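Report on the following structure.
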Amino acid sequence: MEKDIFILAVESSCDETSVSVIKNGTEILSNIVSSQIESHKRFGGVVPEVASRHHVENITMVFEEALSVANVNWDNIDAIAVTEGPGLIGSLLIGINAAKALAFVHDIPLVGVHHIAGHIYANQLVEPLQFPLLALVVSGGHTELVHMKDHYQFEVIGETLDDAVGEAYDKVARTLNLPYPGGPHIDRLAAMGKDTYKLPRVWLDKDSYDFSFSGLKSAVINTVHNAKQRGEEIIPENLAASFQASVVEVLVEKTMRAARKFNVKQIIVAGGVSANKGLRHGLEQAVEQEGQFKLTIPPLSLCTDNAAMIGAAGTVAYLKGHRSKMEMNGQSGMDLYSL
Ligand code: KG4
Ligand code: ZN
């Protein structure tokens with residue numbers, strides 16, 4: 001029988017301090033997530049300096065808890081996987097330096113993981129990936145369609161030309177005076193409203209898999225301003241539903257077109273916005289109609305930032321022989337790379 005692989009994983013790229021222990025790339029033994037959302041709420045967004053400080057305060061406790069819940073000791077750990085980028089540089093460095101120190105002290109390999117590879121591999125914690133597959137990556141910083149012919153082979157076939165979809169959600173939410181992060185609030189309101197405002201669908205070129213959300217975001221902001229000037233009431237539920245309908249229609253249509261073109265077996269969804277109920281429903285419906293693709297969407301807890309996803313990706317990277325040097329630095333901007 002082959003030996004079990006235990007990976008200790010760390011994620012600190014934004015406002016969640018998280019440590020996890022993953023067995024064989026698929027089984028979560030622990031996944032501790034310490035969220036800072038409450039601290040950032042009053043500023044209406046993540047304040048990088050505040051985020052770094054919280055990571056420093058929390059990281060030791062989160063490590064101890066992850067190891068204790070997983071009930072493993074250092075002799076069991078094969079490697080430490082850590083998010084090397086992209087993200088807030090001060091935040092990334094806290095996780096990276098903790099990972100480096102522990103890898104050095106315990107003399108175990110260090111494996112750098114791209115944050116988006118992590119979001120994609122969250123799906124492997126749900127079921128085995130079937131290649132070729134198409135990943136729709138939708139988070140606060142990214143909107144991408146990624147074609148994968150095999151493990152850790154990423155081909156970005158489309159991406160946003162301006163705002164990421166989560167960013168558009170958060171800005172629209174702010175216009176409607178909803179708290180940060182706004183995505184879940186818009187999602188909740190949308191379920192109570194109707195698509196009554198005529199908002200644009202941005203398709204770009206007929207064959208393009210790229211996205212653009214800044215025009216849609218501006219259309220929402222203009223709708224609110226114009227109504228104010230005319231002394232008219234906005235119906236927030238309907239505006240949220242109209243915004244969400246536009247986002248979901250474009251995301252679903254482009255995803256299905258790419259899935260057909262690349263003849264994939266599986267469609268997976270990744271990133272914080274995959275928690276969105278409208279998007280989940282839209283994809284489920286489209287996939288059911290088409291009848292030829294397998295659709296996987298991680299549970300909510302694995303959609304937003306967490307270390308388990310870094311452990312899942314890290315295990316594959318580790319088995320492919322990927323090792324990071326002690327000189328590894330955080331990279332705030334970083335392209336998704338294949339192994
Ligand atoms: O992946 P993530 O946790 O962090 C990044 O790597 O960016 O994504 C965070 C983003 C935020 O913009 C948040 O508003 C959005 O995901 N989000 C949602 C929902 N839940 C989280 N957007 C729409 N609907 C949701 N239910
Ligand atoms: Zn993320």
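No experiment lies behind these values; they were computed from the predicted model shown. Values below: all heavy atoms of this structure, side chains included; hydrogens, waters and symmetry mates excluded. In each ligand, atom 1 is the first atom listed, and ligand 1 is the first ligand listed.
- At least one donor-acceptor pair closer than 3.5 Å links the side chain of Tyr121 to the backbone N or O of Tyr152.
- Looking at Asn58, its side chain never comes within 3.5 Å of a backbone N or O of Thr17 through a donor-acceptor pair.
- Listed for the Asn263 side chain is no donor-acceptor partner under 3.5 Å among the backbone atoms of Arg260.
- Contacts with ligand 1 closer than 4.0 Å are made by side-chain heavy atoms of His119 only, the backbone lying farther away.
- The Thr304 neighbourhood of ligand 1 comprises atoms 3 (O), with distances under 4.0 Å to a heavy atom of that residue.
- The 12-atom threshold is not exceeded at CZ of Phe104, counting heavy atoms of other residues, nucleotides or ligands nearer than 6.0 Å.
- At a 4.0 Å heavy-atom cut-off, ligand 1 touches Val273 through backbone and side chain alike.
- At least one heavy atom of Pro184 sits closer than 4.0 Å to an atom of ligand 1.
- Residues Lys325 and Glu327 are not paired through a salt bridge, judged by the lack of any N-O separation under 4.0 Å between the basic side chain and the carboxylate.
- For the pair Lys254 and Phe211, the distance from NZ or CZ to the six-membered ring centre is under 6.0 Å and the angle to the ring normal is within 45 degrees.
- Protein heavy atom at the shortest distance from atom 18 (C) of ligand 1 is Gly183 CA, 3.6 Å.
- Ligand 1 has no N or O atom lying under 3.5 Å from any N or O atom of Pro181, backbone or side chain.
- Considering backbone and side-chain N/O of Cys303, none are found under 3.5 Å from N/O of ligand 1.
- With distances taken over non-hydrogen atoms, the option nearest atom 13 (C) of ligand 1 out of Asp15, Asn276, Asp170, Val138 is Asp170.
- If you look at His115 next to ligand 1, the close heavy atoms, those under 4.0 Å, all belong to the side chain.
- Separation of the Phe243 and Tyr197 ring centroids does not fall under the 6.0 Å cut-off.
- The shortest N or O to N or O distance between Asp305 and ligand 1 is below 3.5 Å.
- A salt bridge links Arg201 with Asp195: at least one charged nitrogen is closer than 4.0 Å to a carboxylate oxygen.
- Of all protein atoms, those of element N, O or S that lie under 2.8 Å from the Zn ion (ligand 2) number 3.
- With rounding to the nearest 0.5 angstrom, the CE atom of Met148 is 6.5 Å from the CD1 atom of Ile268.
- In this structure, the protein non-hydrogen atom closest to atom 17 (N) of ligand 1 is Gly272 O, 3.7 Å.
- Among protein heavy atoms, the minimum distance from atom 26 (N) of ligand 1 is reached at Asp187 OD2, 3.0 Å.
- Within a 6.0 Å sphere centred on CZ of Arg53, heavy atoms belonging to other residues, nucleotides or ligands number 12 at most.
- Side-chain atoms of Gln244 and Asp187 include a donor-acceptor pair closer than 3.5 Å.
- A donor-acceptor contact under 3.5 angstrom links the side chains of His115 and Glu11, judged on distance only.
- Donor-acceptor pairing under 3.5 Å is lacking for the side chains of His281 and Asn276.
- If you number the atoms of ligand 1 from 1 as listed, the ones under 4.0 Å from a heavy atom of Gly141 come out as 7 (O).
- Hydrophobic clustering (ILVMFWY, side-chain heavy atoms < 4.5 Å, transitive): Leu283 and Val138 are in one cluster.
- In terms of polar-atom proximity, defined here as any N/O pair under 3.5 Å, Gly166 does make such a contact with ligand 1.
- Closest protein heavy atom to atom 9 (C) of ligand 1: Gly140 N, 3.8 Å.
- Considering backbone and side-chain atoms together, Tyr169 places no N or O closer than 3.5 Å to any N or O of ligand 1.
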